[in-house]
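Computed from a predicted structure; not experimentally measured.
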Amino acid sequence: MKRRLALTLSTALVLGAVAAPLAAAVPAQAVVAPAPGAPDAKALAEALAGLPDEDATAALVRVGGTGGSWHGAAGVRDLRSGAKALEHARFRAGSTTKVVTAATVLRLAADGRVDLDAPVQRYLPALFRGTAFRQPVSVRQLLNHTSGIPAGGGWGDAFADQYAHRFDVVTPTQVAASALAKGPAFAPGTRQQYLNINYTLLGLLVEKVTGGSFADAATRLVLRPAGMRHTYFPGTDRRIHGPHNRGYQLVDGEFVDVTEWVQADRSAAGDMISTTADLERLLTALFRGRIVPAPQLEEMFTLPAGVPGATMSAGLQKIEIGGRVYWGKSGSRYGYSTGIAADQDLSRTVVYSVNSTDAKGEEMNPVAQRIIMASVRNTT
């Protein structure tokens with residue numbers, strides 16, 4: 001049984017919640033290239049079957065590689081109308097934003113504007129002044145989450161608290177200052193702890209180095225070269241512009257619409273809106289060396305040495321499935337769970353967006369799990 005959030009909700013919280021019966025599932029639409037090693041279309045279609053349900057209201061998938069491609073969609077655009085889910089919809093990409101951020105920093109490193117071995121204190125001295133961070137924290141340690149900098153302040157982990165503040169604007173500088181005020185959690189380079197704060201600081205570093213906004217730098221250095229024309233950083237804008245499927249959080253049997261939300265505090269760590277096609281373009285362009293030159297690109301396929309249990313590189317995570325190694329990244333914001341992955345030679349690429357009804361839950365969304373396992377299968 002799916003874990004439920006035990007919350008007492010005010011009338012304001014459930015305003016706009018949907019209690020109508022779930023609509024019938026929309027069959028996946030697919031394109032299959034009948035070649036050896038092609039994705040298993042039957043398994044992928046089955047992974048999307050039955051949507052919407054209590055786990056997800058919609059799902060979008062693209063699987064590609066040297067053997068062929070498959071793409072599909074299932075579920076509904078919104079629960080009120082029951083209209084068919086939009087396959088080319090935009091969605092909140094969550095922490096897959098970090099792949100773009102890492103690529104932006106590595107591009108700047110390739111251009112000689114950022115030294116990966118230099119302490120971040122050199123780039124952001126005002127932020128670190130007066131803090132307990134005496135040991136240098138390198139840019140590389142931010143990239144691979146071994147910095148020892150703790151999480152910044154927030155509204156707490158409970159959905160009700162987060163929802164109540166969903167339109168409040170907190171700047172990345174404020175988040176960074178609250179984190180640095182706590183002092184180091186561990187000595188830099190000794191452990192790996194995945195936290196947004198590392199990439200929040202990288203976003204501020206990019207702004208300091210380029211003299212402009214992080215969004216402008218990332219768009220110029222990564223999004224445009226990759227051909228990601230439908231991807232953008234909303235900043236303080238609560239809406240998703242362009243075609244999109246609405247996101248919901250299931251709370252005590254009620255579907256609460258969480259589509260509109262200000263993500264400015266996530267910034268370079270998770271404030272990106274994209275499409276499955278654009279994220280597929282990112283994987284392809286990045287892994288082929290079109291965005292980051294080979295010497296710096298190797299950082300994305302290298303785990304930190306001497307760090308026990310490390311699985312994360314610069315912007316990516318090493319994933320082993322069925323004896324094969326993939327490099328990818330997942331992300332979640334309320335209403336949306338996203339994942340991207342590929343093996344290094346691009347023989348298989350996977351991108352999905354699931355409109356998860358408990359995107360920030362402790363367990364992985366069952367629909368996303370089915371998609372992942374089906375996506376690494378080939379036709380026989």
Would you please classify the geometry between the F255 ring and the Y248 ring as parallel, tilted or perpendicular, with 30° and 60° separating the classes? perpendicular

Closest non-hydrogen atom pair, V206 against A217: CG1-CB, 3.5 Å

Residues two or more places apart in sequence or in another chain: which of them pass ring-ring contact (aromatic ring centres under 6.0 Å, His included) with F214? F233

Thinking salt bridges, do R113 and D111 make one under a 4.0 Å N-O criterion? no

Check the surroundings of atom CG in D157: do more than 12 heavy atoms from other residues, nucleotides or ligands lie under 6.0 Å from it? no

Would you say R220 has more than 12 foreign heavy atoms packed within less than 6.0 Å of its CZ? yes

Within this structure, what is the OG-CZ distance for the pair S347 and R324, rounded to the nearest 0.5 Å? 4.5 Å

Is it true that D117 and R140 make a salt bridge, defined as a side-chain N closer than 4.0 Å to a carboxylate O? yes

Do R62 and E280 meet the salt-bridge criterion of a basic N to acidic O distance under 4.0 Å? yes

Between Y352 and F91, is the gap from one ring center to the other below 6.0 Å? no

Look at the rings of Y334 and F159 and say which category their plane angle falls in: under 30° parallel, 30 to 60° tilted, over 60° perpendicular. perpendicular

Does the ring of Y163 carry R166 above it, NZ/CZ under 6.0 angstrom from centre and within 45° of its axis? yes

May I ask you to check whether over 12 heavy atoms, not counting those of R224, lie within 6.0 Å of atom CZ? no

Between CZ on residue R92 and CZ on residue R333, distance to nearest 0.5 Å: 8.5 Å

Only one of L106, L108, L142 passes side chain to side chain contact (heavy atoms under 4.5 Å, CB included) with L116; say which it is. L106

Is R377 salt-bridged to D40, cutoff N-O under 4.0 Å? yes

